[in-house]
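Whatever order the structure lists them in is the order used to number ligands and atoms, beginning at 1.
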Amino acid sequence: MPELPIYLDYHATTPVDPRVVDAMVPYFTERFGNASSRHHSFGWAARDAVSAARRRIAELIGADSREICLTSGATESNNLAVRGIVNADPRRPLHVVTMTTEHHAVLDPCRRLEREGVEVTYVAPRPDGICDVADVERALLPHTRLVSVMAANNEIGVLQPIARIAELTRPRGIVLHTDAAQAVGKVPVDVGELGVDLLSATAHKLYGPKGIGVLYVRRRRPRLAIEPLLDGGGHEQGLRSGTLNVPGIVGFGAAAEICRTELQAEAERVGALRDRLLAGLSEGAGGVTVNGSTTARLPHNLNVSFDRVEGESLLVGLDDIAVSSGAACTSVNPEPSHVLRAIGVPDDLARASLRFGLGRWTTAEEIDYAVEKVRSLVNRLRQLSAVGHAS
Ligand SMILES: *Cc1c(COP(=O)(O)O)cnc(C)c1O
């Protein structure tokens, strides 16, 4: 019997790897200096640690240290990318292309820009969740300044064809941003191979601490103009002022280094567990549909809908397994996820969906427990609803 509750929500956040915690601890206590202090050894120690971490983060994504702008997380990185590029360009009209299935940290800044008079086109995905590159091409206008398409979806795990989108944006001089918060550390991500100008990632999705992220900014001549969100001491080459979060940055660097060396083995191990989960659910429960492509997908993601099941009872019944549902559970009448809607999942089926996120500490024993738990719950709920319909 595995220890309960079981955590299968690694897309929401990940525990910090103990090796990462060990690396961070001295930077809260004896090495507490401000990385901007130039005149004493406390400052130098902090600055050296930040430089080393920056190199490790850069290495994980195939970038140069000078292209790493440290932020508070992927939400800030996305806002800095989207708002920063548009607001640095005085020309109007200006046009942005993104997708309907993006994270709210991209969609909401786009909505705000629309209220400010910027045109935005939201490209819909195919039913498998992946965008048709021809649709992106059709959306491009002579005054398109930015295209923002995520590398991997946080709900259905599908991988978008970023390198092929770059073939469209690059010759036209359009800036390409990708929100890679779910992809970095889980699948190989190389900014050169992807051909992106900007990339967002965050430490707490890859076994690092919360509150520290990165915006990769491609170095080129002339320098890419980005309007900062925060002005102050001119940190991060003027892109993001504020005293550096040294322990967080050190943790991000340590987490990045572990991902770089262990990514491949981990993806294989976790991918096999994910396949075991799907096989178990399909066999035991039936009436299971996988949401999103089954091939171009993160190895640790599974998003499934169960037919003939009422969504709310499903989540309530899974009391000792931490997963996410296909609906916002904050409201009385749960609103189905915008991602499932965008790929055409009917609302009742979206409410009866579960997102499983597996990770570094997921075991086969936990997966077998989860399969058995979901299987018996789904079958019980279906029997109940059949009885209800008969009477
Ligand atoms: C988690 C996540 C974010 C937000 O990252 P934070 O660091 O929590 O702000 C943005 N985009 C995607 C795809 C995510 O999964």
For [atom], what's the nearest protein heavy atom and its distance?
{"atom": "atom 4 (C) of ligand 1", "result": "Thr75 OG1, 3.5 Å"}
{"atom": "atom 7 (O) of ligand 1", "result": "Thr202 OG1, 2.6 Å"}
{"atom": "atom 13 (C) of ligand 1", "result": "Asp179 OD2, 3.4 Å"}

Check step by step if side chain to side chain contact (heavy atoms under 4.5 Å, CB included) holds for Leu194 and Val191.
CA-CA 5 Å; Leu194 293 178; Val191 290; 5.7 Å; no

List every atom of ligand 1 that sits less than 4.0 Å from any heavy atom of [X], numbering the atoms from 1 in the order shown and giving each element.
{"X": "Asn154", "result": "13 (C), 15 (O)"}
{"X": "His204", "result": "6 (P), 7 (O), 8 (O)"}
{"X": "Gly73", "result": "7 (O)"}
{"X": "Lys205", "result": "1 (C), 2 (C), 3 (C), 14 (C), 15 (O)"}

When you compare the side chains of Thr71 and Ser77, does any donor N or O come within less than 3.5 Å of an acceptor on the partner?
yes

Let me confirm one number: the CG-CG distance from Leu318 to Leu354, rounded to the nearest 0.5 Å.
6.0 Å

Would you say the side chain of Arg91 lies within less than 4.5 Å of the side chain of His143, judging by non-hydrogen atoms?
no

So, for Trp361 and Tyr207, is the gap between ring centers shorter than 6.0 Å?
yes

Is the Phe32-Tyr27 ring centre distance short of 6.0 angstrom?
no

Decide yes or no on side chain to side chain donor-acceptor pair (under 3.5 Å) for Asp231 and Ser241, but give the supporting numbers first.
CA-CA 5 Å; Asp231 290 314; Ser241 289; 5.6 Å; no

May I ask you to check whether His11 has an N/O atom sitting below 3.5 Å from an N/O atom of ligand 1?
no

Quick check: Ala74 and ligand 1, any N/O pair under 3.5 Å apart?
yes

